[in-house]
Structure formats: structure tokens, C-alpha cells
Amino acid sequence: MNIIISASPFTEFRRQCEKLLQKTLEKTLPDLAAYKVTLEIPPNPQFGELTSRICFEISKHLSETPIRLAKQIETEANLGKSEFPMIESVEAAGQGYLNFHVNFPELSSLTVKSAKTLDGEYGHVKTESPEKIIVEHTSVNPVHPIHVGSARNSILGDSLARILSARGHKVFRHYYIDDVGRQSSIVAYGYKMLGRPRPSAKPDHFIGAIYAITNCLLEIRRLKALLNRQTGSLNYNNMQKARMDLDDWVAVAVDLQQRFPNIFNSLLDAMEKIEDPESEINALMRRYEMGNKEAVEIIREVTSICLEGFKQTLKRANIFFDSWDWESSFIWSNAVAKCLNSLKRTPYVFHRGDVLEFDAEGVARDLKLKSTFGLKETYEVPSLTLGRSDGTTLYTTRDIAYSIWKFRRAEKVINVIGMEQKLAQLQLKLALCALGYAEEAKRLIHFGYSLVNFPGQKISGRRGRYITLDEVMDEAVLRAYEEVKKRSEDMADEEKRKISEQVGIGAVKYALIETDPLKPVIFTWDRVINFERNSGPYIQYSYARACSILRRASRHVEDADFSLLKEPVERELILMVARFPEVFVEAADNLKPNIIADFANALADKFNTFYAALPVVKAETQELSDARLLLVNAVRITLRNALDLIGIEAPERM
RNA sequence: GGGCCCGUGGCCUAGUCAGGAUAGGGCAUCGGCCUCCUAAGCCGAGGGUCAGGGGUUCAAUUCCCCUCGGGCCCGCCA
């Protein structure tokens, strides 16, 4: 049963070990042959390439120690291993482990040839049950630029989409344009007061300034009015809080005035003449939802300007979407109203004052959904307000209609949204259940991640307090260019620029993807722009070194004697390349892009060790050189394919 | 007050879901390595009561309970 190539070489070894173990069990301990055999990666090469703890398990049922059972199985297994060419030997060890040693020449040959033949597809093992999956990500409100915090969303979402697509799913990348919220009305209002100016900077940066300033001036007015109106109704604590908020916003105003004096002063002048800007904004929001021509024109105009900026940023980051979904379209098509009406017919909607509330707790309790959604039975789900008293809609309500729309196009929906929206996503799922979409709700996945913040301070779009992804990419690319210049003076400037783009952006992407999404990230320039070990550029550099070796060899090798690869580091490299497909499957099926980043980094590490220790082109013999060249090629392909999954480009020189 | 998430050497981080053989990396510190495939590199050294305390187990960083520390949520914001 000699296999020439495999989508997952290490899995072939795993299967053979499983079969051998199963057969041996049937022979030696027939009563326990039904035992499910599982194999794990041992912590150290001396314990082989796969290990089983089955003897610890079965010894519980027999009056025999694990190690004695292991010895018994060892003897029998070694007698029966001849029909399994990938197994070198089986040995009992420690307190009762069964360690399986791989036949390295076999594994090497299979791995190297598989990588070479499958090339761009190596490691991207296809699922047996492909699904249509919508990945909704980024969806930054179109009122300020994409900042480093939202960039974490974009990069995670893009990577998830790449991984699921490589897994063989039909993936659709959707951007949800929130043009209906209050924030859009605020920025449109400010834009209108400025006389609908043409952007004097990058479109989204320009809109971001208008938004932050308008919002800031509104907040200051509101707080001043609150404090003046005073006092009997406000207790001491509320007064204190309002005063502190006001101080905070005044500081923001000072900052914004300094950064954008023209916009700030124009808006300040214009706004002072307005009696009640707050109600004008509310009116704009109301008219927009009703489809009023003027309101639609102004809000769509502002939103489009901002989106134009997003598209520039995302294009540079090599992130693309299949669909841009306008939230307003779900209101204008009456989809939101229909949803609301259906919800009203369930027993889970009640009045509170002027507004309707959705009894999320009631649904969870009656339909016994608490354990389904991982909730404690004693936890009471807060109710959800479905609309404003002026008749306008609220975000989560609109999201119900949008979710149903998404499920008409896909079997699974993954929403990449910050952890802070966990409750809203839960309420959304419960609303879907109430409407009879329980199966859909179970296939709605909230891929949550924690925020990126500054040391001691939060990122805040509303305060204009952020570092844009554009700035971060600019700075990273600039620093990368300095490095490239140092190393490759003779290179054409155009190529230097291209490589700097790839390296700088690779650094940023890696930094935002390598940390477990559940953990908060504190932004520092050195964290996000790192070119040393454990970084995107480090992996890219390793890839470039592999390319360089193959270039220098300047000969084509078809096959080689892989038994010549005897050095421990060579074997570890083979193993990592062989295991890449299993790592990929784990990352894809558990939605864990960061383990791809981890793997790529570990492989780069191992490759650099190999690079420093062993000559390839000038190996002792031509035969050894051939075998190493094929190994380098397999590593090269694996590094590139792993980088591709996290959206990082692989330059052949740097 | 209630709920969710996180806590691993000075700093950052993997491993925890599916408990097992000396807890992997990186930064910083110290000491080495460019007549040889790119030194964005490699080799070596020191540094850990895996927040603390109980429990389950032959075995706990991993599972359960409690405490402490940090983040997030409980809006007619998104």
C-alpha cells in the first residue's frame, strides 16, 4: 500500500498507527478491542512521532499495570508492523505509554512529493461537507477611518474567510454598512453645515474629523444644558459625573481644534447659530428611515465618501469583499417592519412606556435555550428595546432582518464583532428563535474578539482618539523600506517599494492575528511594527531565504534518496511540513487563525536553525544536496501557503 | 448587584476545550558567531510556587468550587 502523494502525509502515518494498534488489541486483548484508540503528539522526539495512552485506560479494567500491558502490545505490534510501511517501530515507555516511531525516509518522501505536487494547495485539506458560509467582518461605521482596533476585526475576518475558503467551503465576505444609526446623522449634519465640502484629505479621515468635531460640540452643548438646567432633579453624583464628562469633552475639543482648526472653527460658528441641533439630527435620522429624498441624498453622500476611503485602505491591506450590504435597504424594503410585526405576534413582545420590548428571557426559558447558548439557568437575559419612541429603529432590531436575509444566502453565518456586543448577539439569536429560525440561530456564530487600546486610554472614534490603519501601514512600510534599502542597494527602487509594502503590512497583520482574539491588546508601535523574531517579516524572511537557496542551486531536482536526511533538524522540518495539513484542519474547523500564525512562526524558526547549521547547495555530496533541496522546497511551499491563510504576502527577496 | 472573558519568569505570549513523560516561544539582560546558500539571522546563559486557596484523580497550567486582580456587558448607542 505505497502511497505516492497525500493531502495530509502525517495523517497517513496516524492511520497506519491506529490500524496497527487496533489489530494488535484485537489479537492480544479481544475483550477490549472495541476501545477507541487515540494517538497524540508526544512532547519530545525521543518518544517517537505519535503516542498512545491507551494502556492507562485499559489497565483500569484489568488487574495489570499499564507498563506490563504496553510491553505486551509492543511485542505483538512489532510483529505485525510489516504491512504498515510508515511505521518504523513501536515501543513501550515510561509508566505505560506506547510510542510509535515513524519511518523517516517514507514520511520524507511522501511529504516532499506531496508538497511539490500539490504546491499552492498543499495543506489546504478539503472538507467532506462543504457549506455556504457568510463571513461578515470589518463593518466599521462609516463615520470615521478604520483604526487599529477595527483593523483587528478586518484581519481576523479576512483570515477566517481565507481559511474556510481553503477548507473547501463556499465563502462570501460581507460588509454591513451601518448608515442608519444616529452616528451617520450626526456626521451628515456636520457635513451639511459645512456646506458639503469636498474632502481636503483622505476621504474617511476627512469625514472622521467632521464626525468627531460635530459629536464633540453636541456633547458639550448637551452637558452644559444639563448642568445649567439643573438642579433639583439631578442628584449630587449625577452632577459630578456630568461635570467630569464635560471636562473630558472640553479636553477633546481642545485637541480637535488644534488638529483640524478650519473644520472645527467653521462648525463651531455654524452650530452656535442653531437653536436645537439635537432635534434637527433626530429629524434627519427619522427622515432618512422614511426615505425622504433630501435626507437620503446627504447621508448616502457622506457615507459613500467615507466608504471610498475604506476601500483604499482595505485594498492596500489586500482585503476584499463580495458584498456591501446597506443597512438602510432593509428598512426601505420593509424587511425590518415585517420582522417586527412577526415578533409582535409572538408572546415575547411587551410595552414599556412608549416602546416595544423583546422578552429575550422568556424565549430562552420557554424554548429551553439557555444551555444551547451556554447560559446559566439562573441567568436572566435582559430584554431588548426594539425601537425608539419616535418610531425609528434600533441596531439589533435591524440586525434581525439582516440575519434572516443572510441565512437565505448561506447555511452558516459568522459575524466578526467585538466581545462588547456579546449580549446583543445573544438577544439577536433569541429573537431569531422566537421567529422560528432556531436552526439558523444555532448556525449564527459570533466570532468575538477583545478590543485594542492604548496604554491607559481607550480608542474612541467618537472622540477622534485613534490611530488609523493607514498611519500604521505607512509607518510600517517606511521602516521596512529603510531595512530593504540597507540590504539591497542594487535593487530597483520599484522593487524595494513593493517589498517594503509586503513586509510592512505583513508585520501589522501578524501582530494583530498572533494573539488569542479573546485577549485584549495594548497598542504600542513596537508591538505592531516588529521585524524581528516572532513577526510577519521573520516568516517572510525565512521564505525568502528558502527561495534564495533554490535560486542559487539553479538546477531542477525530481527525486532524491531521503534516507540521507538524518540530522535531527532535518527530521523535525519534515515532521512540521507533514503535520501542516492537520494544523490547518484544526485551525479551520475551530476558527482559530492564530494557530496558523503560530505554526508559520515555528516552522520559520526551525528552518532558520537548519539554514545556519547545514549547507544545501554545497552539501557534502550531490545526493545529499538533492535531498535537502527538495526539503527546502517543501518548507518554502508550506511557509507560503501558511502565510497566504493569514493574508500575508511572501516576497521572494527582501 | 448580576453575567461573560482573561490572569503563565521584569514585559509580551503558546499550551487549557478532548488531564499525563523535563510548561514551548519572543522582548529585555549577559556571552559567543558574518573569507561559506541574505546577520530582518544563528548558538549559548540566567530567570517560573502556571494569580492564591481548596477539591476530584494513580496523575492538574489543564476539570470543579471559593478568593483576589484586570477587561467587557447589563443604553430609546453600535
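All chains are named by letter (A, B, ...) in the order of the sequence lines, taking the proteins before the strands, and each is independently numbered beginning at 1.
Of the candidate nucleotides B:C17, B:C37, B:A78, B:C37 has the atom lying nearest to any side-chain atom of A:Val616. When distances run from any side-chain atom of A:Leu423 to the nucleotides B:A78, B:C37, B:C74, the shortest one goes to B:C74. The side chain of A:Arg527 approaches B:U13 more closely than any other nucleotide in the set B:U13, B:G41, B:C74. With B:C73, B:C6, B:C37 as the candidates, the nucleotide lying closest to the side chain of A:Tyr611 is B:C37. Which of B:C77, B:C42, B:U22 sits closest to the side chain of A:Gln46 comes down to B:U22. With B:A78, B:A14, B:C36 as the candidates, the nucleotide lying closest to the side chain of A:Lys618 is B:C36.
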Set out, in order, the CA-CA distance, both residues' side-chain angles and the distance that settles salt bridge (Lys or Arg N to Asp or Glu O under 4.0 Å) for A:Lys486 and A:Glu483, then state yes or no.
CA-CA 5 Å; A:Lys486 261 192 271 176; A:Glu483 291 290 323; 3.3 Å; yes
Salt bridge (Lys or Arg N to Asp or Glu O under 4.0 Å) assessment of A:Lys592 paired with A:Asp516
CA-CA 8 Å; A:Lys592 285 181 167 179; A:Asp516 185 331; over 6 Å; no
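Heavy-atom distances to RNA chain B give each of A:Glu57 and A:Gln427 a nearest nucleotide, and the one nearer the 5′ end belongs to A:Glu57. Projected onto RNA chain B by closest heavy-atom contact, A:Glu514 and A:Tyr97 fall at different nucleotides, the more 5' of which corresponds to A:Glu514.
A:Asn534 contributes no side-chain N or O that forms a donor-acceptor pair with the base of B:U13 under 3.5 Å. Side-chain atoms of A:Arg533 stay outside donor-acceptor range of the base of B:C27, with no qualifying N/O pair under 3.5 Å. Side-chain to base pairing of A:Ser389 with B:C76: one donor and one acceptor N or O lie within less than 3.5 Å of each other. A donor-acceptor contact under 3.5 angstrom links the side-chain atoms of A:Thr51 to the base of B:A21. The base of B:A21 sits with one of its N or O atoms less than 3.5 Å from a complementary donor or acceptor on the side chain of A:Asn99.
One N or O on the side chain of A:Asn590 and one on the backbone of A:Glu586 form a donor-acceptor pair closer than 3.5 Å. The backbone N or O of A:Leu386 sits less than 3.5 Å from a side-chain atom of A:Thr397, completing a donor-acceptor pair.
Within the nucleic acid shown, A:Lys376 comes within 4.0 Å of sugar-phosphate atoms alone, with no base atom in reach, counting heavy atoms only. Within 4.0 Å (heavy atoms only), A:Gln421 reaches at least one base atom of the nucleic acid. Residue contacts shown for A:Ala613 are absent, as no nucleic acid heavy atom lies under 4.0 Å away.
Here, B:G41 and B:C58 have their P atoms 48 Å apart, quoted to the whole Å. For the C1' atoms, the distance from B:G15 to B:G7 is 15 Å, rounded to whole Å. Remark: the separation of the C1' atoms in B:U61 and B:U22 is 15 Å, to the nearest Å. The gap from the P atom of B:C17 to that of B:C74 amounts to 31 Å, rounded to the nearest Å. Taking atom C1' on both B:U62 and B:G46, the two are 28 Å apart, rounded to the nearest angstrom. Going from the P atom of B:A51 to that of B:A23 covers 15 Å, rounded to whole Å. Look at the C1' atom in both B:G9 and B:C27: the space between them is 13 Å, to the nearest Å. Between the P atoms of B:C12 and B:U49, the separation comes to 16 Å (whole Å).
With a cut-off of 3.5 Å on both Watson-Crick or G-U wobble distances, the partner of B:C17 is given as none. A 3.5 Å limit on both hydrogen-bonding distances identifies B:C74 as the Watson-Crick or G-U partner of B:G1. Base pairing of B:G47: no nucleotide in any strand meets the Watson-Crick or G-U wobble criterion (both distances under 3.5 Å). Of the nucleotides present, B:C68 is the one that pairs with B:G7 by Watson-Crick or G-U wobble criteria, both distances under 3.5 Å. If you check B:C37 for Watson-Crick or wobble pairing at under 3.5 angstrom, you find it has no partner at all.
Phosphate proximity of B:G75 to A:Thr385: absent, as no side-chain N or O sits under 4.0 Å from OP1 or OP2. For B:C72, one of the phosphate oxygens OP1 or OP2 lies less than 4.0 angstrom from a side-chain nitrogen or oxygen of A:Lys458. Residue A:Tyr538 places at least one side-chain N or O under 4.0 Å from the OP1 or OP2 atom of B:C42. Contact check, A:Arg53 against B:G20: a side-chain N or O comes under 4.0 Å of OP1 or OP2. An OP1 or OP2 oxygen of B:A39 is reached within less than 4.0 angstrom by a side-chain nitrogen or oxygen of A:Arg545.
Residue ring and base: A:Tyr379 does not count as stacked with B:G2 (centre distance below 5.5 Å and interplanar angle below 30° not both satisfied). Ring-base stacking between A:Tyr541 and B:G41 is not satisfied when judged by a centre separation under 5.5 Å and a plane angle under 30°.
For A:Asp248 and A:Arg463, the salt-bridge test passes: some basic side-chain N is under 4.0 Å from an acidic carboxylate O. Ion pairing of A:Glu475 with A:Arg479 is present here, as a side-chain N (NZ or NE/NH1/NH2) and a carboxylate O approach within less than 4.0 Å.
Taking a 6.0 Å sphere around CZ of A:Arg653, one finds it holds 12 or fewer heavy atoms contributed by other residues, nucleotides or ligands.
The glycosidic torsion of B:C17 lies more than 90° away from 0, placing the base in the anti range.
Between A:Tyr543 and A:Phe607, the distance from one ring center to the other does not fall under 6.0 angstrom.
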